[in-house]
K.L.:
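I'd like to ask some things about the structure below.
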Protein chains: 2
Amino acid sequence: MTQARPGGRSARVRAQVLRATGDVLAEQGFAHLDLADVARRADVGKTTVYRRWGTPTALVADLLLDMAEQSSPRTDTGDLLEDLRANARLVHRTLTDPRQGSLFQSVIAAATCDGQAATALHGFYATRVAEWAPCVEQAVARGEAPPGTDAHAVIRAVSAPLYYHLLTTGGLDGALADQAAEAAAVAARAGVYVRP
Amino acid sequence: MTQARPGGRSARVRAQVLRATGDVLAEQGFAHLDLADVARRADVGKTTVYRRWGTPTALVADLLLDMAEQSSPRTDTGDLLEDLRANARLVHRTLTDPRQGSLFQSVIAAATCDGQAATALHGFYATRVAEWAPCVEQAVARGEAPPGTDAHAVIRAVSAPLYYHLLTTGGLDGALADQAAEAAAVAARAGVYVRP
DNA sequence: TCATTAAAGGTACTGTGGTGCCGTTAACGT
DNA sequence: ACGTTAACGGCACCACAGTACCTTTAATGA
């Protein structure tokens, strides 16, 4: 009978490979993600990487699965604008951090190139957005935003300008994060994100 | 003495190659953009494509240069929200169009993978944003938004949620375009985009 | 019209990313 | 403790993307 063996060695190999993958992505970007190179860095057989993952995008997809498991801490200041600002600054900090920033850029590159990585990225952001949605829901409960406000939409509205700027201009400045938070807060209060 | 020869044949070759490049990007995506394949489709020597462009990203960069030259018509209804809505719907239509949508996705993929293509994409969006900025400037002149409002920032705020949705969920619905336009209009009127 | 020479086209070759094969290792059930 | 077998590791191989080299075409200037 067929037996799954996720223990010991396999788990160690996966951890080593994912760590090496993250290193390459952060240092050289998705375009230079070579399976043979990853195998070398991970100190793992080249054949193993080709057999278990097969393509660079599959590697990234698995890495995203791993990244989604590590949750980010959420604030709860009792003020919508303040919470959104904290979220915007967290995203901004992540995207401009030397390692994390490059890593995210690379992961995004993979997702725009391949459907499998894209699906993994969708899952990643779904969990991240869900983690922060409660602070909007609480704002609604406090009467800061109208009932029926789509909490997920508000959280997404905070990140959107930051990612869009990165794509279309390549840079991010600190003021942009606060501006994004303010815009989302103002629009949310005005009822723009009330579900139809 | 060295002479440039941009006439006749070279121009025809470039046009054929860029058309073939667009076809491949729209049909199969950036990951499948192969120079030999492009040469075959363009009915052009394989060597020529390798010599003149060399890499897939260089091909995309040149295509973007070509795309930036074709300008998109801007509305001028005399109402900020109406103009922004028109812009949002134009972007939405472009991104969901079978050919244009796939093409943009692929071009974005190239830009996230490579610096050269990224620079070309920045140029492309800079011209597109500049084309639409006047409708915000006029809204400021009419008193619809406070003086000092950054017109480019407002236009970018309209597109941002659409691109962000595409990246993080993979889908776009029509209501989102109107929502994006409303959010940008509300925030602009509230003075969120006034330069410091 | 004709000489000049960029730039395109054809072909043969090569370096390497990716695969197939098979021996080795170490998880898991009893 | 021990046998079974899933999964890893090493090596040889091969297809093909990318290059080198040379020939041909046609754009330019006088």
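All chains are named by letter (A, B, ...) in the order of the sequence lines, taking the proteins before the strands, and each is independently numbered beginning at 1. For the numbers below, each heavy atom of this structure counts, side chains included, while hydrogens, waters and symmetry mates do not.
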K.L.:
Which label fits B/Y163 and A/Y164: parallel for a plane angle under 30°, tilted from 30 to 60°, or perpendicular past 60°?
P.N.:
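The rings of B/Y163 and A/Y164 sit tilted, inter-plane angle from 30° to 60°.
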K.L.:
Decide whether A/L167 and B/L25 are clustered together by the hydrophobic rule: side chain heavy atoms of Ile, Leu, Val, Met, Phe, Trp, Tyr closer than 4.5 Å, transitively.
P.N.:
yes
K.L.:
Which residues pass the salt bridge (Lys or Arg N to Asp or Glu O under 4.0 Å) test with B/D37, not counting sequence neighbours?
P.N.:
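B/R40, B/R41.
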K.L.:
Rounded to the nearest angstrom, tell me the gap between atom CG in B/D43 and atom P in C/dG9.
P.N.:
8 Å
K.L.:
How long is the line joining CH2 of B/W53 and P of C/dA7, in whole Å?
P.N.:
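Going from CH2 in B/W53 over to P in C/dA7 covers 12 Å.
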K.L.:
Using whole Å, report how far CZ of B/R12 lies from C1' of C/dG9.
P.N.:
12 Å
K.L.:
Shortest non-hydrogen contact from B/G29 to B/S106?
P.N.:
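Smallest interatomic distance, heavy atoms only, reads CA-OG, 3.4 Å.
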K.L.:
Nearest 0.5 Å please: distance from the CD atom of B/Q116 over to the CG atom of B/L121.
P.N.:
12.5 Å
K.L.:
Let me have a per-nucleotide readout for nucleotides 13-25 of chain C, 5' to 3', with B, S or -, counting only protein heavy atoms under 4.0 Å.
P.N.:
----SBBBB---B
K.L.:
Return the CG to NE2 distance between B/D178 and B/H92, rounded to the nearest 0.5 Å.
P.N.:
9.0 Å
K.L.:
Hey, is the side chain of A/R52 poking within less than 4.0 Å of OP1 or OP2 on D/dC8, counting only N and O atoms?
P.N.:
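Checking D/dC8 against A/R52, a side-chain N or O does come within under 4.0 Å of OP1 or OP2.
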K.L.:
Let me know the distance between CG of B/L33 and P of D/dG18, rounded to the nearest Å.
P.N.:
10 Å
